[in-house]
There are 2 protein chains.
Amino acid sequence: MDIKTKLISAAESLFDRHGFTATGMDRLTQAAGMSSRTLYKHAGSKHSLIAKVLSERDKRFLRRLDVSSVDALFKALEDWVRVEGCRGCLFLRAYGETGGDVPEIAEAIAVHKARAWNKIQEIIALETNGRGDEQLAEQILILFEGATATAIYRGADAVATARHCAVRLVKQAPS
Amino acid sequence: MDIKTKLISAAESLFDRHGFTATGMDRLTQAAGMSSRTLYKHAGSKHSLIAKVLSERDKRFLRRLDVSSVDALFKALEDWVRVEGCRGCLFLRAYGETGGDVPEIAEAIAVHKARAWNKIQEIIALETNGRGDEQLAEQILILFEGATATAIYRGADAVATARHCAVRLVKQAPS
DNA sequence: TTCAATGTAAAACGATCATTTTACATTGTC
DNA sequence: GACAATGTAAAATGATCGTTTTACATTGAA
């Protein structure tokens, strides 16, 4: 595996498991199997590493959400949670830990949330024959965020519940 | 104001604004206006202080949720967000930052989530003539968590959207 | 074969971490 | 008027933080 990929994926699991601030560079170098000199050559700084981790996760996550129905959207989230577990939205956690005060991190978060929101709007447009129902899309977004948060302590079943609820909302929408 | 109250309320706002791990004891003593000796006399340790902050927040938050309808429940959350702002559920953030590895913190989180879940079940029972509709209650829980998470980046309007959605779900439920 | 790139290992950097300690001032109470 | 409690101010603790540096090994291309 490419050394940069190895670093970012090791960092992602440590950040997810223990939090961003609580994860020190020592533990990071050890998990990535490289010297701190090499780590800094590739990452630049811890803040920059966090931003890179978030950008990679954004890509990986949205690749999974490449679907065209609300049902499939929540099915994809359910799969993600069952495979990767769930400790909450890593982007919102990064926001909470940094207070939104680190520009490159705040930017990565904003990009991800905008892309997810666009994806949901796109799916809603497909399912309602092109009507741009903002209200419905926001309801689906809230269910999506809610499923992610609730899955932390109630497991993947919460995502299934959100899925049924979301599908019903879409069915009831005027098309 | 009582010195312990002052400490815990200063700690709550710093933790909420900057995160738990990123907030150092120096900043804490300064904000609370007391020496570190006094702080440790009352708090015991940082972990214990975090647990106390969470317990106090649990009390304060659930006092606001002392209502008997789903509509009032989300109205209360909306008020909370408009008054206090929203950086996400402080309990889930504490879970994310500690990885659930600190027993006294994990316990405070579990207590809060159990109490909120019970409150929602109680309201659903009231609104459906005593039928214990677990599925509906979980949907409301997910909307509640989702509103809290979404409000971080979309503001209090997201809570209003969740509110309308929740009310509709309850109306459609068989009673 | 020599140069530049890319890596490791390990020490050093000054800052900050959570926590304890030392020394002292102010209380209210018996 | 002595005592215990409760507070402050500030230094010291040893550990750990993110980051840089020093010294050296390996490699592939010119």
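Computed over heavy atoms, backbone and side chain alike; hydrogens, waters and symmetry mates excluded. Residue numbering restarts at 1 for every chain, and letters A, B, ... go by the order of the sequence lines.
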> Output the rounded distance in Å from CZ (Phe15(A)) to P (dG18(D)).
9 Å

> How is Thr23(B) classified with respect to the nucleic acid when contacts are heavy atoms under 4.0 Å: base, sugar-phosphate, or nothing?
sugar-phosphate

> Could you tell me the separation between the NZ atom of Lys46(A) and the C1' atom of dT16(C), rounded to a whole number of Å?
13 Å

> Whole angstroms only, please: what is the CG-P distance between Leu7(A) and dG7(C)?
11 Å

> Take atom CG of Leu39(B) and atom P of dT8(D), then tell me their distance rounded to the nearest Å.
10 Å

> Once you apply a heavy-atom cut-off of 4.0 Å, does Gly33(B) come out as touching a base, just sugar-phosphate, or nothing?
sugar-phosphate

> Ignoring hydrogens and angles, answer whether the base of dT20(D) and the side-chain atoms of Ser36(A) contain a donor-acceptor pair closer than 3.5 Å.
yes

> Test the Arg154(B)-Trp117(A) pair against the cation-pi criterion, namely NZ or CZ under 6.0 angstrom from the six-membered ring centroid and within 45° of the ring axis.
yes

> Hey, are Arg93(A) and Glu97(B) close enough for a salt bridge, meaning a charged N less than 4.0 Å from a carboxylate O?
no

> Can you work out whether Thr38(B) or Asp26(A) has the more 5'-proximal nearest nucleotide on DNA chain D?
Thr38(B)

> State plainly whether the residues Glu78(B) and Lys75(B) are in salt-bridge range, i.e. N to O under 4.0 Å.
no

> Which listed nucleotide (dA18(C), dT8(C), dG18(D)) is nearest to the side chain of Tyr40(B)?
dA18(C)

> Whole angstroms only, please: what is the CE-C1' distance between Met25(A) and dA9(C)?
17 Å

> Given atom CZ of Arg27(B) and atom C1' of dA18(C), what is their separation to the nearest angstrom?
15 Å

> Atom CG of Leu49(B) and atom P of dC17(C): how far apart are they, to the nearest Å?
15 Å

> Whole angstrom is fine here: how far is it from CG in Leu28(B) over to C1' in dT19(C)?
13 Å

> Counting only distance, no hydrogens or angles, is the base of dT22(D) paired donor-acceptor with the side chain of Arg37(A) under 3.5 Å?
yes

> Is the closest side-chain donor-acceptor distance between Thr38(B) and Ser35(B) under 3.5 Å?
yes

> Any ion pair linking Arg115(B) and Asp58(B) (charged N to carboxylate O, less than 4.0 Å)?
yes

> So, OP1 or OP2 of dT6(D): does either fall under 4.0 Å of a side-chain N or O from His42(B)?
no

